[in-house]
Enquirer: 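One structure coming up, written as structure tokens, with questions to follow.
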Amino acid sequence: MLSVSDLDVFHGDAQALDGVALEIARGEIVAIVGANGAGKTSLIRTIAGMHKPSRGRIVFNGTEIGGRPSHQVCNLGIGQVAEGRQVFPTLSVMENLAMGALLPRARAAKARNLDRVFAMFPRLAERRSQAAGTLSGGEQQMLAIGRCLMGEPELVMFDEPSLGLAPAVVQAVLQTVADLNRDGLTCLLVEQNVAVSLKLAQRAYVLENGRITLTGRGDELLADDRVRQAYLGL
Ligand SMILES: Nc1ncnc2c1ncn2[C@@H]1O[C@H](COP(=O)(O)OP(=O)(O)O)[C@@H](O)[C@H]1O
Ligand SMILES: [Mg+2]
């Protein structure tokens, strides 16, 4: 579904990604593991069309998308749940969800997608008229995920979806990723909770200083001594 090759990305003079290559097949959860500053967000934002790569290819469903503007990338079916629960705080839950359905690909299916989001997150249905800024952190993350789903994505990239949430809510958010995947959504997952993300993912890549240094099945990496020492503190 997604194929990234030879990807170089710079922020000014500083290189954030160096020759990154990865593949995501339809139906997979693929995890990216790496320390702070490794380039995980830069990778997601580059795929999403928010940074221009200086080299390399990004091919989604057979279409080269590298360097295309983000609205085009979204409309091809790549959704993003950005770092830090990005909701519009003064808009209501309903208005936030409606923003997600503005994409041309999603307009016709708005009512069906809204039903689906409310079925998945009953709390959002209960609070549909409430300003998003008054929701709890966990509810805001559910709203951010719901808004993304309103755009009818085929691939969703989750950037640290459980960061800063209470432990019980962390489980709920990660369970949501698993449920969406079981229903057919392809997922790219960046998650500081490395053990959980490797358990959830069929395959994973380790990103260090902008380079992929290790890749394999989630359970293989979970058992790998280098991963255990560097990311699991074992
Ligand atoms: N907009 C930006 N401008 C300049 N440097 C950036 C920008 N975004 C990220 N960086 C730098 O790029 C590197 C990778 O950052 P990032 O992709 O956010 O990593 P991660 O998400 O893995 O923590 C870091 O050194 C960071 O300081
Ligand atoms: Mg990041």
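Quick caveat, the model's predicted, so the values are computed rather than measured. Indexing begins at 1, ligand by ligand and atom by atom, following the structure's order. Note that the numbering runs from 1 along the sequence shown for the chain.
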Enquirer: Quick one: look up the protein heavy atom nearest atom 17 (O) of ligand 1 and list residue, atom name and how far away it is.
Expert: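 Checking every protein heavy atom, the shortest distance to atom 17 (O) of ligand 1 gives Ser42 OG, 2.6 Å.
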Enquirer: Is the shortest distance from a heavy atom of Gly37 to ligand 1 less than 4.0 Å?
Expert: yes
Enquirer: Would you say that more than 12 heavy atoms from the other residues, nucleotides or ligands in this model lie under 6.0 Å from the CG of Asp183, or not?
Expert: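 Atom CG in Asp183 is packed in, count exceeds 12.
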Enquirer: Check each atom of ligand 1 against the heavy atoms of Lys40 and keep those under 4.0 Å away; list them by number with element.
Expert: 17 (O), 19 (O), 20 (P), 21 (O), 22 (O), 23 (O)
Enquirer: Enumerate the atoms of ligand 1 whose separation from the nearest heavy atom of Asn36 is less than 4.0 angstrom.
Expert: 23 (O)
Enquirer: With side-chain contact (heavy atoms from CB on, under 4.5 Å) as the criterion, how do Val73 and Ile47 come out once you've worked through the C-alpha distance, each side chain's angles and the decisive distance to 0.1 Å?
Expert: CA-CA 8 Å; Val73 174; Ile47 295 168; 5.5 Å; no
Enquirer: To the nearest 0.1 Å, how far is atom 19 (O) of ligand 1 from its closest protein heavy atom, and which atom is that?
Expert: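 Answer, as residue, atom name and distance: Gly39 N, 3.1 Å.
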Enquirer: Measure the distance from atom 18 (O) of ligand 1 to every protein heavy atom, then report the residue, atom name and distance (to 0.1 Å) of the closest one.
Expert: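 For atom 18 (O) of ligand 1, the nearest protein heavy atom is Thr41 CB, 3.7 Å.
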Enquirer: Within the supplied structure, the quantity of interest is the number of heavy atoms (other residues, nucleotides, ligands) at a distance under 6.0 Å from Asp179 CG; does it exceed 12?
Expert: yes
Enquirer: From Asn36, does some N, O or S atom reach closer than 2.8 Å to the Mg ion (ligand 2)?
Expert: no
Enquirer: Note the single closest protein heavy atom to atom 5 (N) of ligand 1, along with its residue, its atom name and the distance in Å.
Expert: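 Nearest protein contact, heavy atoms only, for atom 5 (N) of ligand 1 is His11 CB, 3.3 Å.
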Enquirer: Is the contact between Ala35 and ligand 1 made by the side chain, the backbone, both, or neither, using heavy atoms and a 4.0 Å cut-off?
Expert: backbone
Enquirer: What do you reckon, is CZ of Arg116 surrounded by more than 12 foreign heavy atoms closer than 6.0 Å?
Expert: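 Not buried by this count: 12 neighbours or fewer within 6.0 Å.
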Enquirer: Any chance CZ of Arg55 has more than 12 other-residue heavy atoms, nucleotides or ligands included, within less than 6.0 Å?
Expert: yes
Enquirer: Looking at Arg203 and Glu23, is there a salt bridge between them, counting it only when a charged N and a carboxylate O are closer than 4.0 Å?
Expert: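 Looking at Arg203 together with Glu23, the answer is no, because their closest N to O distance does not fall below 4.0 Å.
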Enquirer: When you look at CZ of Arg68, are more than 12 heavy atoms from neighbouring residues, nucleotides or ligands closer to it than 6.0 Å?
Expert: yes
